[in-house]
Structure formats: structure tokens, C-alpha cells
Amino acid sequence: MDSRDRAGMSDRYEHAEIEARWQSVWDERKAFATNGDKTGEKYYVLEMFPYPSGKIHMGHVRNYSIGDVLSRFFMMRGKNVLHPMGWDSFGLPAENAAIQNGTHPARWTYDNIANMKIQLRRMGLSYDWSREVATCTPEYYRWSQWLFLKLYEKGLAYKKRSSVNWCPGCSTVLANEQVEDGQCWRCSSIVEMKELDQWFFRITAYAEELLSSTYDLPGWPEKVLVMQRNWIGRSTGAEVDFSVEGSDEKISIFTTRPDTLYGVTFLSLAAEHPLLEKITAVEKKVEVEAFVTKLRKEAKDAKAATDDLVKEGVFTGAYCTNPLTLERVPVYVANFVLMGYGTGAVMAVPAHDQRDFEFAKAYALPLRIVINPPGITLDPSQMDCAYLDDGVMTGSGSFDGLTNTEAKEGITDLLEKRGTGKRSINYRLRDWGISRQRYWGCPIPVIYCSGCGTVPVPLDSLPVVLPENVTLTGKGLSPLESAPDFVNTACPVCSGPARRETDTMDTFVDSSWYFLRYLSPASTTEPFDKESASYWMPVDQYIGGVEHAVMHLLYARFFTKALRDLGLHSCDEPFRNLLTQGMVCKEIVKCPEHGFLYPEEAKDGLCVHCSKPVQTGSVEKMSKSKKNVIDPDRIIKEYGADTTRLFSLFAAPPEKDLDWSDDGVEGSYRFIGRVWRLVAENMEMLSGASPYSASTGESLAGVLKDLRYMTHKTIDRVTQDIEKRFHFNTAISAIMQLVNAIYQARPSLTPDQPEAAKVLREAVEAVVLLLAPFAPHLSEELWMRLGSHVPVYETAWPRADLEALIQDSVVIMIQINGKLRSKLTVPADASEDMVRSMVELDEKTLEWTKGKTMKKFVYVPGKIVNMVVA
RNA sequence: GCCCGAGUGGCGGAAUUGGUAGACGCACGGGACUUAAAAUCCCGAGUGGGAAACCACGUGCCGGUUCGACCCCGGCCUCGGGCACCA
């Protein structure tokens with residue numbers, strides 16, 4: 001049923017056939033393989049690699065469409081582009097699938113990778129597949145182990161027994177970053193505390209640099225930087241020693257408010273404080289132990305319930321001495337003091353700290369005011385909350401009358417002089433616990449020998465291969481315990497019988513350096529090539545979801561710095577620019593009886609199961625459980641990859657959430673067809689012409705001049721939108737406007753005008769090339785049909801001709817008293833005087849100014865006139 | 001509670017440096033083509049008033065700065081996100 005015009009071009013764009021064909025061409029020609037050339041301006045664009053869950057989702061489509069626009073754009077701009085892809089392929093879902101279906105995690109993972117690779121291929125993405133990595137392959141994890149051992153050598157990996165987060169759902173330990181609201185980030189189980197021997201990375205050694213360099217990352221969203229700063233949580237203050245009465249012990253406390261030291265009326269210890277047992281008075285032992293036991297039980301039951309916890313505590317019977325006032329201060333054990341922060345002990349100043357205030361009220365402890373608000377004297381008996389703000393010192397000996405800011409310094413100086421305290425900085429950041437009691441991960445390359453202790457696996461015996469035959473139950477200890485051939489080994493030092501570490505590494509370790517592996521993915525001698533790193537690093541543009549703001553993105557920064565200090569490369573930060581794309585959302589449908597419904601389960605606003613009215617209107621992140629997912633495969637099949645990509649880029653700016661709209665997809669599809677027909681219907685005129693060139697062409701007028709202006713304005717606009725602003729939605733809208741303008745101008749472009757075909761050709765070529773980063777298949781096809789033998793991806797990005805952007809006349813707005821009253825066309829080079837005299841002759845202007853006096857005349861050249869009259 | 005971010009038509013969104021508010025798209029209405037429909041092409045449209053020209057109002061609310069404010073400043077309201085006994 002194709003109606004074909006004389007040039008043999010169907011007026012229908014056959015997306016399935018055309019897209020498949022160009023994907024084959026790109027594959028065969030290895031179109032996007034980055035060669036070894038390390039000269040010229042490089043551009044390393046990277047999207048966060050996916051976990052191979054089985055199918056890509058709309059979030060992936062959006063993420064990779066953004067990256068692909070940049071990759072293809074900069075290729076056409078002549079940069080040396082690196083655009084790799086790989087698989088974050090260790091992780092729990094593979095193990096869970098294995099337990100459920102009896103498939104081996106490796107099999108499940110590799111099948112998923114194969115499937116998802118086909119899906120990505122159908123999207124027409126410009127990846128250099130020759131650099132593909134999968135973190136679950138021995139070729140990759142060998143180097144994760146190698147890096148672990150290097151960090152171990154440097155003291156940046158260590159093992160210690162400590163209280164750690166335990167997820168009963170995943171049956172493994174979690175890092176602090178992986179606990180959200182007391183729940184597992186993956187399965188939402190309530191996280192418990194367990195005392196276990198675990199491997200840690202000493203990320204805290206880099207706390208200061210990780211924090212200070214956040215101020216040197218202008219290409220990152222402020223939101224992410226703020227989240228990282230909060231997570232690192234630097235506090236400056238002082239550590240102060242309180243000697244324990246009747247013993248040699250000292251209790252060290254950390255405070256950010258040394259200025260309130262004269263207001264201390266008691267001390268509070270965490271239940272786990274090492275000195276608690278030692279200093280507790282004999283007659284208080286029973287009471288204190290009961291309290292500690294109770295807290296431990298509560299902590300285990302529900303770590304989540306930290307809100308509005310009532311302040312509780314017990315007097316230990318012990319007293320300390322305030323190092324400045326030499327007063328006697330009672331010591332309590334309290335439920336709100338955390339052992340994990342500072343020293344696990346705090347000085348209590350109830351007048352100036354809200355927690356201490358509440359505690360003091362509950363146990364009738366005294367308040368002592370040491371800071372008054374300017375001009376006011378506080379009365380302890382009248383206070384219903386602590387006074388936290390700045391003010392003037394009182395009741396603080398020689399510091400009285402100073403501002404508390406001055407006293408903070410003075411008191412700290414005094415403590416340092418007397419040797420009872422010192423300036424101190426504390427971080428909220430904890431070391432990164434990386435041991436996981438799971439199978440499908442990178443084995444930790446360590447051996448335990450009864451004689452030699454903890455022995456690192458020698459570098460030349462890597463990789464420690466993950467054994468295949470393991471019993472997976474999802475319960476109990478590490479599955480690797482059940483593989484005796486793996487566990488039992490010989491000590492590398494004494495050759496005696498020894499045991500392997502059976503925990504695997506957190507998968508975030510694998511993803512902390514993959515961007516370096518892409519640089520020399522086949523290397524069998526090193527994790528990555530130093531020379532390649534010095535050329536390609538840092539990643540120029542990283543793109544991914546904001547959910548990794550304090551996990552992956554912090555770990556990757558830490559790794560980059562630690563590996564730099566190991567001398568492996570010389571880059572300080574891995575990602576120069578970061579774009580965090582918004583979520584893909586869709587309206588949910590909910591029945592009061594049957595919960596979430598698929599759209600087809602609701603007819604005329606009623607549930608098909610029970611005929612109750614359904615709730616709609618709420619737009620939420622696509623998720624299987626909310627039954628509001630759209631399968632990209634289906635959309636690509638129905639409308640093609642170009643439409644799918646175009647819609648995901650056009651519907652919203654990349655950093656905002658994107659509301660899925662079936663009608664919107666139709667709109668993008670229509671636009672693709674409209675561009676196709678623009679070429680198809682004008683083939684005769686286009687094929688005989690070369691594009692207009694200002695140097696050889698005759699000067700233009702009227703419609704031709706206007707169309708040419710529009711062409712070059714659009715080139716300029718689209719270039720800026722992609723390069724400077726990442727506003728792909730407005731870039732696409734600008735191309736749409738050019739297409740509309742060509743359709744408008746077309747009837748006036750007749751063959752008798754000598755330059756008409758050339759100007760049309762120039763405009764159409766611009767559309768085709770400008771569209772290439774967004775709809776590459778369509779562009780390639782049209783480009784070829786227009787007669788080019790060079791593919792679009794090897795064609796230079798069009799340049800705006802500044803000459804074409806010069807206009808003879810401009811329309812200026814005329815405001816009277818700030819309100820728009822008239823418009824006037826004036827020569828583009830008109831002087832203010834000329835414009836003024838023209839305005840004064842304008843009829844509409846005269847109507848509004850008749851009989852009034854001009855107070856002021858404002859002229860913004862080429863834009864606006866504002867006359868103030870009265 | 002603290003720290004970010006955002007509020008613009010029926011909807012997604014635009015307005016790049018303080019200078020035409022609502023580009024582009026969706027949905028809607030009208031027309032052309034068609035026996036008809038689909039597809040396509042063209043036109044219309046912030047709200048209110050008016051036949052129209054045109055006028056008034058209009059970017060969450062109140063106030064300010066300015067010849068001129070979606071944009072800057074001060075004070076609120078609402079929504080979204082992050083952190084949350086961090087001493």
C-alpha cells in the first residue's frame with residue numbers, strides 16, 4: 001500500500017526495518033570503537049553501568065539516551081569520544097534467583113547480560129562494545145582482589161570485630177551507607193546489630209579530602225555535594241578529659257561547644273562505653289547492668305525507632321572532676337549517647353543543649369546558665385527549652401562578659417595550656433564495611449593460618465576463583481563455608497593447612513573502579529593502564545540516578561584517591577561533571593479492595609474485579625509492585641528506538657522527573673514521520689541541489705532569507721542547548737520549530753527562484769544532522785537518501801553562519817508605564833534618537849501619551865522601549 | 001527539627017544576562033483532502049468582558065527594590081527530596 005513518489009521514497013517511515021539495518025551497519029563497521037589514539041581533545045562519557053536484572057527498564061532508557069546524545073554530539077564535534085558499557089554483575093538477586101529456580105547464579109547472570117545486550121543494541125546506542133566488562137568474570141574480579149591487597153598493604157583494608165548492621169532478609173552485613181531509615185536499602189528488612197569480625201576499608205582516612213574536594217567540583221549538582229558533606233559530617237570542637245574521682249581513669253568527651261564547659265552539671269556515657277563497668281559504684285551495678293541489657297535488647301528489636309525516643313538513664317554512682325571548675329560532676333549512662341560517634345561520652349550542659357535539658361528535667365538535675373542572650377538574663381526556673389544561640393558569657397570565671405564565640409577559643413586555649421583538653425575534629429563518616437556473607441560476589445583474597453595468622457593471597461596467585469559447586473540456602477553463614485575444596489588450602493607462607501576467607505566483597509567495591517578498567521579492559525598484567533588513565537581520566541560526564549549520592553559516588557571518589565596514593569594513576573576525582581537524571585514516573589491506579597491495578601484492570605474509572613471506583617491522579621516512580629511500569633521493549637517494537645529516545649528526552653529536562661505519557665510518545669512518533677515526509681515529499685527538489693553556501697550564493701531576500709535565518713538560528717540554539725545546558729527538551733523543540741518553518745516556507749519555494757532549492761537543502765540537511773544525536777537511525781537513513789556516502793556519525797556537526805543571523809530590521813516592544821502597548825519595526829542598526837523619533841510618530845503610542853508629559857524614556861537596543869508618562 | 005530543591009494554561013514544559021509570560025508538544029475545537037474513516041496538511045485557543053478593534057486580570061501568598069520582576073530582596077504557605085538524639 002506504499003504510495004511512492006518519483007524518487008522512490010515511501011511516505012511512511014518503516015522504523016523496524018530501517019533501525020535494524022543501521023544497527024547492523026554500525027556493528028559491522030565498529031562505528032563507535034575508540035581507537036588507541038591518545039591525541040586530540042578527549043571526551044569520556046559514562047552512564048552508570050546496570051545490574052543485569054534481566055530486562056532494561058525506562059530508567060535505563062532515559063539514562064542511556066542522555067549519554068548517547070552527548071556521545072554522538074561530541075563525536076560529530078570532532079572530539080575523541082570514549083563511551084563504554086558493562087555490567088555490575090555480582091549481587092544478591094542472582095543468588096535469590098538461584099535459590100528459587102535452581103539455576104546457577106552465573107548462568108542466570110550471563111543469560112540476563114545476553115538478553116539485555118540485545119535490548120541495548122535495539123536502542124541504537126553508540127557504545128564501544130570492545131571494551132565491555134562484567135564484574136563477575138575472573139578477568140575483572142582478579143583485579144578487584146589485586147586492589148584489595150594493595151589497599152591491605154597500605155593499611156587501608158583491615159579486619160576488626162565490631163558491631164555491624166545485619167540484614168536478616170539478605171542474611172548479610174551491610175555498610176552504613178546501605179542502611180536507610182534503619183532498613184536494608186535493597187529489601188527493606190529492619191536491620192539488626194551484630195557483633196562480627198569484618199573487613200573494612202579505611203575511608204575515614206580520606207574524610208578530610210573527600211569533604212574538601214566537594215568544594216572543587218563545580219560540575220556536580222549542589223544537592224549531591226550537600227548530601228556527601230552531610231554524610232561525612234565534619235564537626236570541629238574540643239576533646240576534654242574529666243578525671244574520675246577515686247581512680248586513675250579519665251573520661252574523654254568530645255564537644256563542639258567548649259564555651260559551655262562552665263555549665264556542665266553531669267556527664268553521660270553510652271551503654272557500650274569501655275569505662276562504664278569499671279567506674280560503676282558497687283551499689284549501682286545491678287541497676288546499671290539491667291539498664292544496659294534493656295537498651296541492648298531494644299536496639300536489636302527495632303533500630304528504626306529512633307524518633308522522639310524518651311531520654312532515659314541511670315546514675316552510675318561515679319563522679320568526675322570538671323577540669324576548669326574542679327567541681328564534682330555525677331556520671332550517668334544514657335540511652336541517647338552513641339558509642340559510634342566521638343568518644344561515646346558527652347558532657348551535659350542542660351541549659352544549652354536540648355537533649356541534656358530533657359534528661360535533666362526527667363531526673364531533676366540542675367541547670368546552669370553560662371550564656372545569656374544579648375541584653376537578657378535567663379532564669380533557669382522559667383526555661384522550657386535549652387538556649388542554643390550565641391550570647392554573652394556568664395558564670396564562667398574570667399570569661400564572663402566575652403561573647404561565647406570568643407570564649408570558645410579562650411576556653412580551648414586554656415584547656416590546651418593545662419593539658420586537660422585539645423582541639424579536635426570529628427567525622428560522622430565510618431569506615432566502609434565490605435564483608436558480605438554471600439556467595440555471588442568477589443572472594444576476599446585472604447587466608448587464615450593457625451601459625452602465620454592472616455595471610456594475604458600472593459598477587460601472582462590471583463584470582464581466587466569463586467567455586468561453582470556451592471549449596472545456596474539463603475540462610476546461615478557464608479555459602480562458601482559449604483565448599484571444602486575452596487575453604488581448605490595451604491598457607492602461602494608456611495605451606496601448612498589453612499582456611500580461606502569465606503566472605504565476599506560488597507558489590508560496591510566492584511563498581512568503585514570500573515571506569516578505570518574500561519581504559520584497558522583486556523590487560524592481563526594490571527588493573528588498568530596508567531598511560532591510558534592519564535589521557536582519559538577523569539570521566540568528563542557521568543550520568544546516573546541520584547540514589548547513589550552517598551553510596552557508589554562516595555566509594556568511587558574514595559577509590560580514586562586511594563589508588564592515586566598507591567601510585568596507580570594521578571587523578572584526584574573520578575567524575576568531572578555529574579548529571580543526576582530524574583525518575584521515570586507514571587500514574588498509578590488503585591482499587592480500595594484490590595490494591596494497585598494495571599491500567600487495563602480499570603474500565604470507566606471502575607475496578608473490573610469489583611466495580612468499585614478506582615483512585616487515579618497520583619504519579620509515582622515506575623515499579624512492578626505499583627503496576628505502573630512500561631516495558632521499553634514494547635514501545636521500541638511499536639514505535640521504534642528513535643521515538644522512544646526522543647520522547648524520553650523531550651518530555652522533561654534530564655534532571656527532573658519524567659511523567660510517562662502514551663499520548664506524548666505518539667507525538668514524538670508523529671514528529672519522526674513529519675521529518676521523514678519533509679524529505680520524501682521534497683526529494684525531487686532536494687536531490688538536484690547542493691546546500692546554499694553564502695560565499696558562492698547570491699544574496700537572499702524575503703522567504704529565503706527568513707528560512708536561512710531560521711536554519712542558522714536553530715543550529716546555534718541546538719548546539720548551545722546540548723553543549724552548555726543539557727536542555728535536550730528545548731533542543732528538540734527548536735528542531736521542531738525549524739521543521740515547522742520549512743513546511744511553512746515550502747509553498748513559496750518555487751523552482752523559478754534560483755536559490756530556493758539550495759536554501760531548502762541547507763535547511764533540511766540541518767534538520768537531519770541536528771537530529772542525529774536524538775534519532776540516529778532516522779538521521780542516517782535520510783542522510784543516505786539525500787545522497788551522502790559518509791555516515792552521519794562521521795559527519796561534522798553543522799556550524800551556524802553568523803552572517804545569516806544578521807537581520808535588517810528588528811521588532812521592538814513599546815511599553816508605556818511598564819505595560820505593553822505597541823510594537824514597532826525598526827532598522828537593526830537604528831540609533832536611540834532614531835528609534836525615539838519613530839516611537840513618537842507611532843499612532844498607538846500617541847493615543848496613550850496624548851496630553852501627558854514624558855518623565856523618562858528607556859531604550860534597550862533591539863528589544864524594548866519603556867516610556868514613563870504622567 | 002535541620003539542610004537542599006520546586007511551585008507558570010486542562011497536562012508535560014518554555015522564557016539563556018531583569019526586557020513580548022505561556023515557545024515546543026499533548027489533549028481540545030474548527031477547516032481541507034476522503035464515499036467515509038484513519039493518516040496527513042492548515043487554522044484557533046491563558047482567564048474574564050466584547051461582534052470586533054481592544055480592555056482588564058494573570059507565573060503559590062503578602063510586601064519591597066526597579067522605568068520594567070516568573071527572574072532580585074524580606075516574610076509566609078504548599079509539595080518533593082535528603083539528614084535526623086552526631087554531642
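Naming convention: chains lettered A, B, ... in sequence-line order (proteins, then strands); numbering from 1 in each chain.
Using a 4.0 Å heavy-atom distance criterion, A:G233 is classed as making no nucleic acid contact. Heavy atoms of A:V858 sit under 4.0 angstrom from at least one base atom. Contact annotation for A:M227: backbone-only contact, meaning every heavy-atom pair under 4.0 Å involves sugar-phosphate atoms and none involves a base. Nucleic acid contact class of A:V868 (heavy atoms, under 4.0 Å, all strands): sugar-phosphate only. Within the 4.0 angstrom heavy-atom criterion, only backbone atoms of the sugar-phosphate kind lie near A:T255; the bases stay farther away. A:W848 comes within contact range of the sugar-phosphate backbone alone, with a heavy-atom separation under 4.0 Å but no base atom that close.
The distance between atom CZ of A:F359 and atom C1' of B:A87, rounded to the nearest whole Å, is 14 Å. The interatomic distance linking A:F728 (CZ) with B:U16 (P) rounds to 18 Å, in whole Å. The CZ atom of A:F726 sits 20 Å away from the C1' atom of B:G13 (whole-angstrom rounding). Across the protein-nucleic acid pair, A:L658 atom CG and B:G12 atom P stand 12 Å apart, rounded to whole Å. Rounded to a whole Å, the CD atom of A:E843 is 12 Å from the P atom of B:C54. Counting to the nearest Å, the P atom of B:G5 and the CG atom of A:D657 are 17 Å from each other. Rounded to an integer number of Å, the gap from CG of A:L646 to C1' of B:G12 is 14 Å. A:L820 has its CG atom 19 Å from the P atom of B:C67, to the nearest Å.
Side-chain atoms of A:R229 and A:T214 form a donor-acceptor pair, as typed in the model, at a separation below 3.5 Å. Counted by atom type alone, A:N426 and A:R234 present zero donor-acceptor pairs between their side chains at under 3.5 Å. A donor-acceptor pair shorter than 3.5 Å can be found between the side chains of A:N740 and A:R674. A side-chain donor-acceptor contact under 3.5 Å links A:E177 and A:Y555.
The same atom, P, is picked in B:U47 and in B:C67; the two are 34 Å apart, to the nearest Å. Annotation: B:A14 and B:G9 have their P atoms spaced 14 Å apart (nearest Å). Distance check on atom P: B:G60 versus B:C70 gives 10 Å, rounded to whole Å. Separating the C1' atom of B:A6 from that of B:U59 is a span of 13 Å, rounded to the nearest Å. Atom name P, nucleotides B:C77 and B:A52: the rounded distance is 44 Å, in whole Å. For the C1' atoms, the distance from B:G63 to B:G49 is 30 Å, rounded to whole Å. Comparing B:C2 with B:C72, their C1' atoms sit 26 Å apart, to the nearest whole Å. For the C1' atom pair drawn from B:G19 and B:C71, the interatomic distance equals 11 Å after rounding to whole Å.
If you take CD1 on A:I425 and CD on A:E239, they are separated by 11.5 Å, rounding to the nearest 0.5 Å. Rounding to the nearest 0.5 Å places CZ of A:R645 at 12.5 Å from OG of A:S668. Here CZ of A:R62 is found 4.5 Å from CG of A:L658. Values are rounded to the nearest 0.5 Å.
B:G68 makes up no base pair with any nucleotide shown, lacking Watson-Crick or G-U wobble contacts both under 3.5 Å. With a 3.5 Å ceiling on both atom-pair distances, B:A23 lacks any Watson-Crick or G-U wobble partner. B:C2: Watson-Crick or G-U partner is B:G82, with both key distances under 3.5 Å. Across the strands present, B:G46 finds its partner in B:C57; the criterion is a Watson-Crick or G-U wobble pair with both atom distances under 3.5 angstrom. Here B:G74 sits opposite B:C62 as a Watson-Crick or G-U wobble pair (both hydrogen-bonding atom distances under 3.5 Å).
Nearer to the 5' terminus of RNA chain B, by closest-nucleotide assignment, is the contact made by A:V811 (compared with the other of A:V811 and A:Y341). Of the residues near RNA chain B, A:P653 and A:Q737, the one whose nearest nucleotide (by heavy atom distance) lies more toward the 5' end is A:P653.
Ranking B:G12, B:C4, B:A87 by closeness to the A:T256 side chain, first place goes to B:A87. Among B:A87, B:G25, B:A14, the nucleotide with an atom closest to any side-chain atom of A:M736 is B:G25. When each of B:G13, B:C26, B:C3 is scored by its nearest atom to the side-chain atoms of A:V226, the top-ranked nucleotide is B:C3. Each of B:U16, B:C24, B:A87 was ranked by its minimum atom distance to the side chain of A:V337; first place goes to B:A87.
Between B:A14 and A:N729, a contact under 4.0 Å exists linking OP1 or OP2 to a side-chain N or O. The phosphate of B:C54 (OP1 or OP2) has a side-chain N or O of A:K844 nearer than 4.0 angstrom. Residue A:R428 places at least one side-chain N or O closer than 4.0 Å to OP1 or OP2 of B:A84. Taking side-chain N and O atoms only, A:R821 has a distance below 4.0 Å to OP1 or OP2 of B:A56. Taking 4.0 angstrom as the limit, A:K856 places a side-chain polar atom (N or O) nearer than this to OP1 or OP2 of B:C67. Of the side-chain N and O atoms in A:K819, one or more sit less than 4.0 angstrom from OP1 or OP2 of B:C57. Side-chain nitrogen and oxygen atoms of A:S733 include none within less than 4.0 Å of the OP1 or OP2 phosphate oxygen of B:G13.
You'll find the side chain of A:V349 stays beyond 4.5 Å of the side chain of A:F266, heavy atoms only. Side-chain contact between A:Y332 and A:V314 is absent, with no heavy-atom pair separated by less than 4.5 Å.
Residue A:N866 places a side-chain atom within donor-acceptor reach of the base of B:C67, judged by atom type and a 3.5 Å distance cut-off alone.
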Checklist entry - Which letters describe nucleotides 38-43 of chain B, given B = protein heavy atom under 4.0 Å from base, S = only from sugar-phosphate, - = neither? => result --SSSS
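Panel note: side chain A:D241, backbone A:G421; no donor-acceptor pair is recorded below 3.5 Å.
Residue A:R717 forms a side chain to side chain donor-acceptor pair (under 3.5 Å) with just one option from A:T719, A:D721, A:T714, and that option is A:D721.
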